[in-house]
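This chain uses plain numbering: 1 for the first residue, then up along the sequence. Because only heavy atoms are used, hydrogens play no part in the values below, and waters and symmetry mates are left out as well, while side chains stay in. Read the numbers this way: they start at 1 and go in the same order the structure lists the ligands and their atoms.
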Amino acid sequence: MKRLIVAALAMLSFGGAASAQAPAAQLPFVLKQVGPGVYAAIDGPEHKAGSNAGFVIGDDGVLVVDSFINVDAARALVGEIHRLTPKPIRYVVNTHYHLDHTGGDQALRDAGAIIIAHKNVRGWLRVNNVNLFGDRITPDIRARIAALPLPDVVTDKDFTVWLGSRKVVVQTVLGHTGGDLTIFVPDAHVLFTGDMLWRKIPPNLIDGSVREWLATDEDFIHMPDSAQATYVPGHGDVASEKDVRDFGTYLLDLRRLVTAGRQAKLKDDALTAYVEPKLKALHPDWTISGRAAAAEVRFMDQELAGTKRRPVPLQD
Ligand SMILES: [Zn+2]
């Protein structure tokens, strides 16, 4: 979460720095081809994009996955798409409501895209995003959240988008917010997971259920041809089946360690002090900040105690 906030604050102060005309070296993301006409846009080392995104080029148009944390980063993505293909940008699918994945939606809409999201996103987008920032919310961020465009098409079921003859499957998944979608490109064996998968970085559990999340993680591992599959996570570099298994192991380790600490009657800082070094030792190649570890332990503790608060679906 700290990274998200830092990235958001950085982007606000650097607003306008990135543009579609920026040379590749200045893009806030790294574009990686992960299949024929399928690209992952991986957040750069300075985290100016705030998260990963991507896109699929079909016969007659382009489907974009997520829009980064602000319109500057999203405009840079639109520029890269236009550089690669003259085909129109027809859709952007938001994997969930968090600002680091929806903050650039207006730039995609301006480029001609219909915004697609889980049905819960419409109710949460302009309300629950404020919670992500806690006491670090600023009037600027508040205003940006209040002005986010609402999705045009919403779903609580799986469906297929045909880009001409190219099939793209949008699936509803549980675990991260209660309103998440994944995007699968069967002919390229590419799954855009949104924040259902993080590679070597602790996931943001603020809205999550680790119990549900682990079940979805199992589904990813058992999807057809998973050994050949490429997974584009919400944060971290392009991933393989091995990374999906590693992520599942991390969640299991977190739950097991917090459970053990709770059984030893540890609370708050003492619980974090018990879990953090063990978690880091088990995952030495992960980047786990002290702040992230404290948040992971707090949210896992709440889930085990049955006091975890998750976003509640609103009526239409
Ligand atoms: Zn994210």
Check your understanding: Is the number of heavy atoms from other residues, nucleotides or ligands under 6.0 Å of Lys242 NZ greater than 12?
Key -> no

Exercise for review: Find, among atoms of Asp100 that are N, O or S, the one nearest to the Zn ion (ligand 1), and state its name.
Suggested key: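 Of all N, O or S atoms in Asp100, the Zn ion (ligand 1) lies closest to OD2.
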
Point to revise | Name of whichever N/O/S atom of Asp195 is nearest to the Zn ion (ligand 1) | key: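 Result: OD2.
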
Exercise for review: Report yes if the distance between the aromatic ring centroids of His47 and His235 is under 6.0 Å, otherwise no.
Suggested key: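 Ring centres of His235 and His47 not closer than 6.0 Å.
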
Practice item. May I have the angle between His235 NE2 and His101 NE2 with its vertex at the Zn ion (ligand 1), rounded to 10°? Key: 110°

Point to revise | CA sep, side-chain torsions, deciding dist, call: Asn128, Thr177, side chain to side chain contact (heavy atoms under 4.5 Å, CB included) | key: CA-CA 11 Å; Asn128 295 51; Thr177 63; over 6 Å; no

Check your understanding: Is the charged tip of Lys278 near the ring of Tyr274: under 6.0 Å from the six-membered ring centre and within 45° of its axis?
Key ->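 Checked: cation-pi criterion met.
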
